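As the structure is a computational prediction, the values presented were derived from the model and not from experiment. Protein chains get the first letters and strands the later ones, always in sequence-line order, with residue 1 at the start of each.
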Amino acid sequence: MSGQPPTDLQYTAEHEWYAAGAPATVGITDVAADALGDIVYLELPAVGAVVAAGAVVGEIESTKSVSELFSPVSGTVVEVNQAAIDDPAVVNADPYGAGWLLKVDVSGTGALLSATEYAALAAR
Amino acid sequence: MTDQHSPLHDEHVALGATMTPFAGWLMPLRYSSDIAEHIAVRTAAGLFDLSHMGEIAVHGPDAAAFLDHALVGAISQVKPMRAKYTMICAPDGGIIDDLVVYRVADDELMVVANASNAATVYDELAGRTAGFTVGLRDDSATTALIAVQGPRAAQILRATAGLAEDAAISGGTAFDELRYYACLRMRFEGQPVLVGRTGYTGEDGYEVWIEAERAPVLWRALLAAGEPFGLVPAGLAARDSLRLEAGMPLYGNELDRTTTPFDAGLGRVVALDKPVLVGPPDFVGRAALAARAQAAPERVLVGLVGETRRAARHGYPVLSGPDEGATVVGTVTSGAPSPTLGHPVAMAYVTPDVAAEGTRLAVDVRGRAEPVHVVPLPFYRRPR
């Protein structure tokens, strides 16, 4: 079902993606979105929240299951995707684009995987 | 152990299904979107592969009397070509499985068991045959089961190429007169199939049993006939959310060996006073179930509606309220955001003192108490 992960992003083993920048952008991969099924509810941290790499910062709930959102980076949340909160189906439809979740002012990163490393992990 | 493949496995792969291991089988979880499949069943129709279910033929002069002894229901009172929801219990009254029994002839009944319990049910039945002139045959491996569920189901079966009535084999009923929990034999491309007006979605619908090797042709014929009516293939994810909205118990969630039919609010399926035609005077589990019928329940199965968006899930604790210091009063057995209703729903066992409709409780959803209140089951009833 899932395609190859975009090569310009970095990834976590928990199926988040991370786009470096000021601010950086965080979302979940299409592997995660497909595994969850139709996403119906997102719980994301508040703007201004301080997040730590590897810590649980939110929840992603589908009809069938629920999964925790782990932050790939440490820093301060500067924006959350209100459009995705209002209509979480966008995360299924476009997980690397319109379905992004957080923008973060980054103070440090955790262990991140390249697209190749992530694709190998996701294929297991 | 490798998961068994359904006779329709190649159809699912061709349709792009996400497959999932389930009770020793590899079955379709979803084809596209869980919610779209769920809504299609509520508004048009869905096509389900249920070939993982177990089919056990019980035949011989004492077939019905034997099932009176082996199961909790009054099976000998089921008329030919009618079906009954029933259970097989252990001597202590615990539920071994919930079943639908179809009386396909005077002296033959088909027992449909959950996939996870099919082998156990066969063994339990085989261990209860002493004194009866009866034979058992496990047809599970050679039988496919395809369900068409939803308000358009009857129109779709009527429009299916190759599916035809034949009064010579039907068992006495015309398709248009087939009642809920009844069955008839039809022909598909000349060969007999069994069609039951039964299901597990809360909608009108049919279940069709066919020899495994002929199943793919029937599957494609149903899909083609159903397309103009909005039929879509639907997976186990939709099946679970549909049955939950309809308040139907799932073995392993609401029902298990530590639960009696009375705990589950299904005491009506236990025929304590059914007449004994042949064999031992009591059916298996009768003494324990008779005692249980008289006793005050320790727990009650209730419906819960969530007042926030975070859904209660299987295994979460039910609390006496949302505040600090609340006590645990029960456990969630099934829960999900309801696609039809737009809010979370759950079934839970709670203590009787908090089981009244309208009682305000909470569920510990991963460390946070979410407010819920008790509602009558089912959550959803189809318009008639």
Side-chain angles (χ1 to χ4, degrees), chain A residues 1-5 14-15 28-46 49 51-52 54-71 80-95 98-99 101 119 122-124, chain B residues 12-13 15-20 22 28-42 234-245 250 253 306-316 332 334-346 363-368 370:
Chain A
M1 282 274 284
S2 310
Q4 288 299 309
E14 288 82 29
H15 307 286
I28 63 168
T29 67
D30 63 347
V31 173
D34 284 351
L36 277 163
D38 289 324
I39 297 167
V40 296
Y41 176 57
L42 296 175
E43 185 166 281
L44 300 179
V51 296
V56 173
V57 295
E59 288 179 353
I60 304 159
E61 184 145 24
S62 69
T63 49
K64 196 69 188 153
S65 63
V66 62
S67 143
E68 290 175 319
L69 176 68
F70 295 86
S71 181
V80 298
N81 187 349
Q82 188 60 44
I85 292 172
D86 294 341
D87 180 15
V90 70
V91 181
N92 291 108
D94 189 10
L101 298 177
R124 281 211 294 260
Chain B
H12 306 319
V13 171
L15 288 163
T18 300
M19 305 298 288
T20 189
F22 181 80
L29 178 65
R30 67 178 73 86
Y31 297 84
S32 55
S33 143
D34 311 336
I35 294 177
E37 291 165 22
H38 180 113
I39 291 170
V41 173
R42 290 271 180 259
L236 291 178
R239 183 168 162 83
D240 191 42
S241 52
L242 288 159
R243 71 91 197 165
L244 171 60
E245 286 183 347
L250 171 64
N253 288 35
E307 297 169 11
T308 64
R309 292 181 67 176
R310 295 174 80 234
R313 303 279 180 176
H314 175 74
Y316 290 4
V332 173
S334 298
S338 159
T340 306
L341 304 173
H343 55 67
V345 297
V363 174
D364 180 345
V365 178
R366 298 179 298 281
R368 218 158 74 208
E370 301 290 349

Derivation and outcome, salt bridge (charged side-chain N to carboxylate O under 4.0 Å, His left out), residues R366(B) and E68(A): CA-CA 10 Å; R366(B) 298 179 298 281; E68(A) 290 175 319; 5.5 Å; no
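Distance check: D38(A) CG to S32(B) OG gives 8.0 Å after rounding to the nearest 0.5 Å. Between the OG1 atom in T308(B) and the CD atom in E43(A) there is a gap of 9.0 Å [rounded to 0.5 Å]. The NE2 atom of H314(B) lies 14.0 Å from the OG atom of S65(A); values are rounded to the nearest 0.5 Å. The CZ atom of R309(B) sits 9.0 Å away from the CD1 atom of I85(A) when rounded to the nearest 0.5 Å. Rounding to the nearest 0.5 Å places NZ of K64(A) at 4.0 Å from CG of D240(B).
Counting heavy-atom pairs closer than 4.5 Å to chain A, the top-ranked of the candidates P339(B), A237(B), A336(B), S33(B) is S33(B). Ranked by heavy-atom pairs shorter than 4.5 Å toward chain A, the options T20(B), L29(B), D34(B) are led by D34(B). Most heavy-atom pairs under 4.5 Å with chain A, from the set P337(B), A238(B), G335(B): that is P337(B).
Contact check on R310(B) versus E61(A) returns no salt bridge, with no Lys/Arg side-chain nitrogen under 4.0 Å from an Asp/Glu carboxylate oxygen.
Within the 4.5 angstrom heavy-atom criterion, only backbone atoms of L36(A) (N, CA, C, O) approach chain B. In this structure, no portion of A89(A) lies under 4.5 Å from any heavy atom of chain B.
At least one side-chain heavy atom of T63(A) sits less than 4.5 Å from a side-chain heavy atom of I35(B).
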